[in-house]
Student: 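Have a look at the structure that comes next, please.
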2 protein chains.
Amino acid sequence: LIETKQIKKVYKMGNIDVNALRGVNLNIEEGEFIAIMGPSGSGKSTLMHILGCLDTPTSGTYLFRGREVQDLSEDELANTRNREVGFVFQTFNLLPRMKAFENVELPLMYSGGRAAAIRKRALDVLERVGLEDRVNHRPTELSGGERQRVAIARALVNNPKLVLADEPTGNLDSKTGHEIMELFRSLHKEGRTLIAVTHDPEISEYADRIVKIRDGIIID
Amino acid sequence: LIETKQIKKVYKMGNIDVNALRGVNLNIEEGEFIAIMGPSGSGKSTLMHILGCLDTPTSGTYLFRGREVQDLSEDELANTRNREVGFVFQTFNLLPRMKAFENVELPLMYSGGRAAAIRKRALDVLERVGLEDRVNHRPTELSGGERQRVAIARALVNNPKLVLADEPTGNLDSKTGHEIMELFRSLHKEGRTLIAVTHDPEISEYADRIVKIRDGIIID
Ligand SMILES: Nc1ncnc2c1ncn2[C@@H]1O[C@H](COP(=O)(O)OP(=O)(O)OP(=O)(O)O)[C@@H](O)[C@H]1O
Ligand SMILES: Nc1ncnc2c1ncn2[C@@H]1O[C@H](COP(=O)(O)OP(=O)(O)OP(=O)(O)O)[C@@H](O)[C@H]1O
Ligand SMILES: [Mg+2]
Ligand SMILES: [Mg+2]
């Protein structure tokens, strides 16, 4: 499904270069559950944004289903992002003026569809993350772990084949984190591909394999 | 140092009342290291904001050093917040247009003092959290765990007697989280009082005691 060769990402800050990724080679089969682990600042979120077609590498190649992502048209990219990939951001990225269910409905608005069906789907997935009593709260009216779960729900609402989750249980107590793990496990059993940046041992122990990153390269 | 009686916090949303805290009684001695644990949405951050004088309860009393916080003048409250309390927010609350060192200098600006001394103090505490190479980055140019550490540095820059940390290692890998724990341990040995909301067993195991919250009340 995913094949990257020598992915580099350089951030230029005045006369300083920050080498966030220094040549990442990654092969991920469809249906795998991968845990990405590594120190703070080692390049995990940068890599996830590139894998999710939300950012482009400075150099290197990224084949998604055998096609070079950097050659895709704007339409094809947008389609991949909206239909194929569900992204849980480390900082949630919820829209502050929208209620929880409106935030979760948003990805469904692009594919057309009846409003009632969209509403039902959003409420169903919010229930799956335990937020049925919080659907009308805006992000500022939610706890940290509740915002995290809205972000997870939004990533799943479009039934994506590839789920990219950047530290999905960082703000959750162990019981709620376990429930999210169970949700990911059932998604995996349905045949989806999951890539989770995590330092949660429960997630890394369930994963098919662990990819370790340090200083912008994969080690081991 | 801290004594609360029957603290309640009710959020009104239209015709619905959200009872975030339903009568919290807490006694904390100076020099204690307390871990607060509980499920997502149970009221931990709400309680922390009240303890840090950043929010007021709907009812109940809060004595800080024997004085009712709700009777303090605006000046006395501001003084307590700036000089006595260091608060690490669960969502960091960094100013996006300021560099890391400028964010950390901010609490020192209120107490007057030479610019050179303020700069040095900010850089010292950023070094203590491992960010000496990131001091000129703005929050959007930092990883999640780096932002969390800037928030920690900013909370400590004023040498507060009371440190309130709301999930301070949620975005950190185990090694970096351990370094933060060691920093908290040394602060504690210096005689400071620390209250940390956490689901990190390393922090809860070091704590003098664990306060458990569920549905807005303390249990056990
Ligand atoms: N402004 C608000 N209006 C309405 N409800 C709110 C508001 N702020 C918080 N809440 C609700 O109050 C409850 C307690 O929130 P709080 O942030 O204290 O939880 P928490 O224990 O810190 O959770 P977490 O571990 O997920 O951070 C939550 O269920 C939340 O939805
Ligand atoms: N826009 C930017 N400009 C400059 N440097 C950046 C920028 N964005 C990220 N960085 C740097 O790139 C490095 C990698 O960042 P990244 O967010 O990928 O780390 P991470 O592994 O996800 O860390 P964490 O576990 O703390 O979330 C960090 O050291 C960060 O400071
Ligand atoms: Mg990250
Ligand atoms: Mg909280």
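In what follows, chains carry the letters A, B, and so on, assigned in the order in which the sequence lines appear, proteins first and then strands, with residues in each chain numbered from 1.
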Student: Give the member of B:Pro39, B:Gly145, B:Pro201 that has the highest number of heavy-atom pairs under 4.5 Å with chain A.
Tutor: B:Pro39
Student: Is there a side-chain contact between B:Phe33 and B:Ile203 in this structure, where contact means two heavy atoms from C-beta onward sitting under 4.5 Å apart?
Tutor: yes
Student: Any side-chain heavy-atom pair from A:Val211 and A:Ile195 closer than 4.5 angstrom?
Tutor: no
Student: Strictly by ring-ring contact (aromatic ring centres under 6.0 Å, His included), give each pair with a member in residues 142-164 of chain B just once, sequence neighbours left out.
Tutor: none
Student: With sequence neighbours excluded, tell me which residues meet side-chain contact (heavy atoms from CB on, under 4.5 Å) with A:Val125.
Tutor: A:Val104, A:Ala153, A:Leu156, A:Val157
Student: Any donor-acceptor pairs between chain A and chain B, under 3.5 Å? If so, list them.
Tutor:
| unit_1 | atom_1 | unit_2 | atom_2 | d |
| --- | --- | --- | --- | --- |
| B:Ser40 | N | A:Asp173 | OD1 | 2.7 |
| B:Ser40 | OG | A:Arg149 | NH2 | 2.8 |
| B:Gln90 | NE2 | A:Asn171 | OD1 | 3.0 |
| B:Arg149 | NH2 | A:Ser40 | OG | 2.7 |
| B:Gly170 | O | A:His199 | NE2 | 3.2 |
| B:Asn171 | OD1 | A:Gln90 | NE2 | 3.0 |
| B:Leu172 | O | A:His199 | ND1 | 3.3 |
| B:Leu172 | O | A:His199 | NE2 | 3.0 |
| B:Asp173 | OD1 | A:Ser40 | N | 2.7 |
| B:His199 | ND1 | A:Leu172 | O | 3.3 |
| B:His199 | NE2 | A:Gly170 | O | 3.2 |
| B:His199 | NE2 | A:Leu172 | O | 3.0 |

Student: Heavy-atom distance under 4.5 Å to chain A: side chain of B:Val18, backbone, both or neither?
Tutor: side chain
Student: Consider side chain to side chain contact (heavy atoms under 4.5 Å, CB included). Of A:Ile218, A:Leu164, A:Val197, which one does A:Ile36 pass it with?
Tutor: A:Val197
Student: Looking at every heavy atom in both B:Leu21 and B:Gly43, which two are closest together, and how far apart are they?
Tutor: CD2-O, 3.5 Å
Student: Which heavy atom of B:Gly52 sits nearest to which heavy atom of B:Val85, and what is that distance?
Tutor: CA-CG1, 4.3 Å
